[in-house]
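Take a look at the structure set out below.
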Protein chains: 2
Amino acid sequence: MTRSSVRHDPMPAQPSMDGIAVLQPLGLAAVRLSDGFWVERQQVNRNAAIASGRQRLEVAGNLENLTRAAGHADPDAYRGPYFMDSDVYKWLEAVAWEFAREPGDELRRDFDEIATIVAAAQQSDGYLNSYVQVTGSPRYADLAFGHELYCYGHLLQAAVAARRAFGDNRLWQVALNVGDHLVRTFAGDGGNRGIDGHPIIEMALVELARESDDRRYAELARTFVERRGYNTLRAHGRHPSYFADRVPVRESTTVEGHAVRAVYLAAGATDVVLEGLDDAGYFAALRTQWQNMVAAKTYVTGGLGSRWDGEAFGDPYELPPDVAYCETCAAIGSVQWSWRMLLATGEVQYADLIERTLFNGMLAGVSLDGDEFFYVNALQLRSDVVSDDHRHPVNGRRGWFDVACCPPNVMRTLASLGGYVATRTADGVQVHQYASGTIDAGTARLRVQTAYPWDDVVDIEVEEPGDREFEIAVRIPAWCASATVTVDEDEHPVSPGYHRVRRQWRAGEHLRVRLPQPARVTVGHPRADAVRGCVAIERGPLVYCVEQVDHPGLAIDDLEFRSLGAVERVEELLGGIDVVRFTAAAHGSDQDVAASAVPFFAWANRGAAPMRVWLPLAQVLP
Amino acid sequence: MTRSSVRHDPMPAQPSMDGIAVLQPLGLAAVRLSDGFWVERQQVNRNAAIASGRQRLEVAGNLENLTRAAGHADPDAYRGPYFMDSDVYKWLEAVAWEFAREPGDELRRDFDEIATIVAAAQQSDGYLNSYVQVTGSPRYADLAFGHELYCYGHLLQAAVAARRAFGDNRLWQVALNVGDHLVRTFAGDGGNRGIDGHPIIEMALVELARESDDRRYAELARTFVERRGYNTLRAHGRHPSYFADRVPVRESTTVEGHAVRAVYLAAGATDVVLEGLDDAGYFAALRTQWQNMVAAKTYVTGGLGSRWDGEAFGDPYELPPDVAYCETCAAIGSVQWSWRMLLATGEVQYADLIERTLFNGMLAGVSLDGDEFFYVNALQLRSDVVSDDHRHPVNGRRGWFDVACCPPNVMRTLASLGGYVATRTADGVQVHQYASGTIDAGTARLRVQTAYPWDDVVDIEVEEPGDREFEIAVRIPAWCASATVTVDEDEHPVSPGYHRVRRQWRAGEHLRVRLPQPARVTVGHPRADAVRGCVAIERGPLVYCVEQVDHPGLAIDDLEFRSLGAVERVEELLGGIDVVRFTAAAHGSDQDVAASAVPFFAWANRGAAPMRVWLPLAQVLP
């Protein structure tokens, strides 16, 4: 079979040009971030996290599993949970995006060596799963928990990334073999009619279709989406809702069950929509699901998943800060879904949630040093909490986990972050996220300079204006009530949403966005019982929290909020942050005490001591 | 071996006379309840629940498992989870207590027939477990989850109950064989050094020791308590804390992990203390654990367990009403533990918690018709909640469960309830719970008449005064701020705690307790974030709740409490209850609306629609 190879700009989730997307991504070749907040995180991600990933995979046994998979079965030799392969693929994907961001011989060498191990493990018919091969277990015998298609999903995503990043052909061939194997095995009525307990294959097959220009893969993705919701997955005490299998996608009005599974499925269904394969009414349902998720099942940090039990979404407005699960992977899945909805619609709400989630729910998942990770991102850690579960925030961030989904997921997300900054249309560029660097939209080239989120100003200079009129759209975040835009020295107020300036730009012209970021307090929805009578402190895109370490002699468990104070830059604290001062009181006391809040993403970098995002107000009884 | 047979008054948990108990129980022969609130529940329990239990055990396969256990192994023939035997034993225990309460030929016949099946299943060395025997699995191969000793625990409790209730010798011999088998297998350094993942064997062995007068059983119970807390139990993704195995009993300052396991272990350790076997400092630790449980880990209903994940206690003050687990069995375990602490100390706090738990956390677990049960007793059901988990309150009470621990646990508790009413000392009687009937304390005989909890007055008449001075102690509940006691026409105010009247009583004299029960509002602890800004309505020992069905046109999710109104008797509602009227408002509205609350125990008897115990106050922002 010959395939036309459609090389895309390196970036996850690139809709085909013949799909329904309103916006087209600008990937890591078009958007080059130069410095500032996110680039600092990316450098740390490269040097501390990605660089040590290979050793992590060796120590944990992932690579050994794959090496053994090429040989004879030995039931006792397999190490770790079923889905160990997926960590390898996620890390390979991170390596690929990181190479696209900034090439490096070591990255390429590591990638190729491990891709060679993966290729050697693949069986002649395309099947590949180290658990099944090492233990000699039957294929696809436990689709609910076996994670075989889940591992494929990450493999395909890694292969697509490497294909886009450096024209890889090694893992790419493995991926095509997997894709063909899946089509033979699962497509059509005569084959296996099952679905995997953990979605991701849907997104991955669509990406494989995009990159290979082979539509069969996208159609199989649609088939998997279509099969879901008929209560076929029920195992190990888990009900269909856990597997996002209780209600068909087109009939579902909200997200439920295991949060990562739910948003991965939603992202995959959105990919199916983006490829123009939505003959089932998915898109209207997905819009409703997303709205209801944001209205009633999303934390102020963008975190998803209220429950440890089943790592799951809660009921509407069930959003406890203390026992929030908010798996780092769920925040990442949320960004992936919102990104696809943004491409499909061009609507600002999706970019707003991406910003909130990246700066808070996702970023708290990794230490400032870049090499330790939270699995669970609660919005409160009480005092007197003990736990022998290493996922619990009280035990601090960890370098790796026995279930190690989160660390390499953060790595691939940070490495590919530039791809979420801007998009293009035929005659325009849309700047969704603010970071210093250049944006090459084809029709024009922009230089962005900003110290965002620490500074209010984003300066966009038109370096190469192109030869015709085009539109620059800048996102005014929903949190910003007093934004202004300056063009030609004319500063005028603008409202949240995309502010669009269409003209024949000249080289050297500036569009300056000012996004004033006073500290503010946020009140929860009145049905959100867990935060009733509380406020959260926010500033710009950042959610703040109070850490016990900043309040010696004052138990923050008993802290009550009184009034906001000044915002103060403290360079020597937590890598340089803006601290929000506020006045508080101990419960039952009339005496004002000085208190301070730090960005939520930076918490637990001075030990995992009590912390809270939501601060009670003094209670008034009737 | 010959054993002296010490027949006790039928009642669970009867400390030996040579132990340290301050109070001695008065069992079902000494305390005869005649009518009123609890007797109505007991009649329903007998006629609707216990009477159908045998059929439940036949349909679910429990009896088939035991019958097969006597034959050859057939791995595919076993039905249900590992611990199916325990449901049989719990039901047999209920039958025994019910027989003691009110004899019946059918009860006795059922008991004997099933005891015969059990006896036939026992192996020659005393081992007995239908899962292991039917499937041919190895014995004690998975102590963490196999529940073998857990099943024994319930078997021993049933046998002790039947021994006390009607001098049973059939199940009793099985129990002695089990006890001896356990001593041979687990006692001493040379034997199996393991412990069962689910405590209860500790309580059960102590009871076997009491009834058989064979101290080896109690010493083995102490051994099991002593072995716990060294992180030996870790399996199926569960950590030692889940199994109450993270910290030794004597070092632990609180309860944690799986709530039923934790309180069963604590009750068992208290039994070890009661038998004078506490050479390890358990008792001081148990007192601290109980205090901390009540202070920070107990719901207003007496319910225990904040988390679905691991059916577990939460962190201190983690007490969300909506996702509360509050397993019915945990409430029952709490009563068992508090009862033993009460016997050990004579302190009123334990009887107070028993009352709160029986009337609310336990009683909500069973329908007014007596034949359907809640596994989970949340204090709030939101609107728009769906769940495919049959334990979830939104799916209503159920006749039985695949894990059917709760229904027969309720049955045995209601049948033996008279045993928790009163105790005696050498020259006194202590009335802990109020219900009409007679109390024969040996030294004296009392007649109690009351419509409690619907009426304020408890009248205690001395029917047979005995020939010397003795003390009547009556419990003034902590919730009662304006109680009075009348003796000899002299009514005087009394404070919460035991009010004691010691004198030479004359036949026909009365001690009248008045416990005024105006409706009241309760505010949560300031650290209990989930109920901040809310009040709960209580009246006497009853916690109230608001049900959607009583508020057409008003979404109780948005209800705010304003002020208490009248208490009104409504005979035609929910079997006859006192309704608490109050004034409320919809969130954001200034308009008063009339609302009403019903006892929490009676909720979901008109469908499982939205309900809430905690009612928000209008929120006031600074």
Side-chain angles (χ1 to χ4, degrees), chain A residues 231 234 239-242 246-247 254 256-257 296 306-312 314-318 320-323 325 380-390 394 521 523 526-527 529-535 555 557-558 560-563 587-588 612 614 616-622, chain B residues 231 234 239-242 246-247 254 256-257 292 296 306-312 314-318 320-323 325 380-390 394 521 523 526-527 529-535 557-558 560-563 587-588 612 614 616-622:
Chain A
N231 296 272
R234 184 189 296 271
H239 300 277
S241 56
Y242 170 83
R246 192 182 63 85
V247 186
T254 188
E256 66 176 20
S306 312
R307 298 181 181 170
W308 281 67
D309 183 45
E311 310 188 305
D315 298 324
Y317 305 104
E318 178 196 331
D322 50 355
V323 295
Y325 199 73
Q380 177 174 2
L381 177 60
R382 296 166 179 274
S383 61
D384 301 322
V385 169
V386 288
S387 175
D388 46 7
D389 189 327
H390 66 301
V394 76
V521 295
V523 179
R527 286 193 180 184
D529 296 322
V531 298
R532 174 170 296 109
C534 295
V535 294
D557 288 49
D558 297 325
E560 289 176 353
F561 176 89
R562 294 209 160 170
S563 60
H587 178 79
R612 61 193 310 168
W614 290 96
L617 303 167
Q619 194 165 339
V620 183
L621 287 180
Chain B
N231 295 271
R234 184 189 297 270
H239 301 276
S241 56
Y242 171 82
R246 192 181 64 84
V247 186
T254 187
E256 65 176 19
N292 285 337
S306 312
R307 299 182 181 169
W308 281 67
D309 183 45
E311 310 187 306
D315 298 323
Y317 306 105
E318 178 196 330
D322 50 355
V323 295
Y325 199 71
Q380 178 174 3
L381 176 61
R382 296 167 179 272
S383 61
D384 301 323
V385 169
V386 288
S387 175
D388 46 7
D389 189 328
H390 66 301
V394 76
V521 295
V523 179
R527 287 193 178 183
D529 295 323
V531 298
R532 175 171 294 108
C534 295
V535 295
D557 288 50
D558 298 325
E560 289 176 354
F561 176 88
R562 295 208 159 172
S563 59
H587 178 79
R612 61 193 311 168
W614 290 96
L617 303 168
Q619 194 165 337
V620 182
L621 286 181

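Note that this is a predicted model, so its numbers are computed, not measured. Each chain gets a letter, A, B and so on, in the order the sequences are listed, and its residues count up from 1.
Ranking A:N231, A:V323, A:T254 against chain B, the residue ahead of the rest is A:V323, based on heavy-atom pairs under 4.5 Å. For the set B:A530, B:S387, B:P316, the count of heavy-atom pairs under 4.5 angstrom toward chain A peaks at B:P316. Note: B:Q380 leads B:Q380, B:H390, B:E256 in heavy-atom pairs under 4.5 Å with chain A. Your options are B:V386, B:V521, B:D322, and the one with the most heavy-atom pairs under 4.5 Å with chain A is B:V386. Of all the listed residues (B:D558, B:D384, B:D389), the one sharing the greatest number of non-hydrogen pairs under 4.5 Å with chain A is B:D389.
Within the 4.5 angstrom heavy-atom criterion, atoms from both the backbone and the side chain of A:R527 approach chain B. Both the backbone and the side chain of B:P240 come within contact range of chain A, with heavy atoms under 4.5 Å apart.
A donor-acceptor pair under 3.5 Å links the side-chain atoms of B:H239 to the main chain of A:D388, judged by distance alone. In terms of modelled atom types and a separation under 3.5 Å, the side chain of A:D315 and the main chain of B:V385 share no donor-acceptor contact.
Residue B:R532 comes nearest to A:G533 through the heavy atom pair CD-O, 4.0 Å, listed as atom of the first residue, atom of the second, then distance.
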Test A:R382 against B:Y317 for side-chain contact (heavy atoms from CB on, under 4.5 Å), laying out the working first.
CA-CA 9 Å; A:R382 296 166 179 274; B:Y317 306 105; 3.3 Å; yes
Audit row: B:D529, A:R612, side-chain contact (heavy atoms from CB on, under 4.5 Å) steps and yes/no:
CA-CA 11 Å; B:D529 295 323; A:R612 61 193 310 168; 3.1 Å; yes
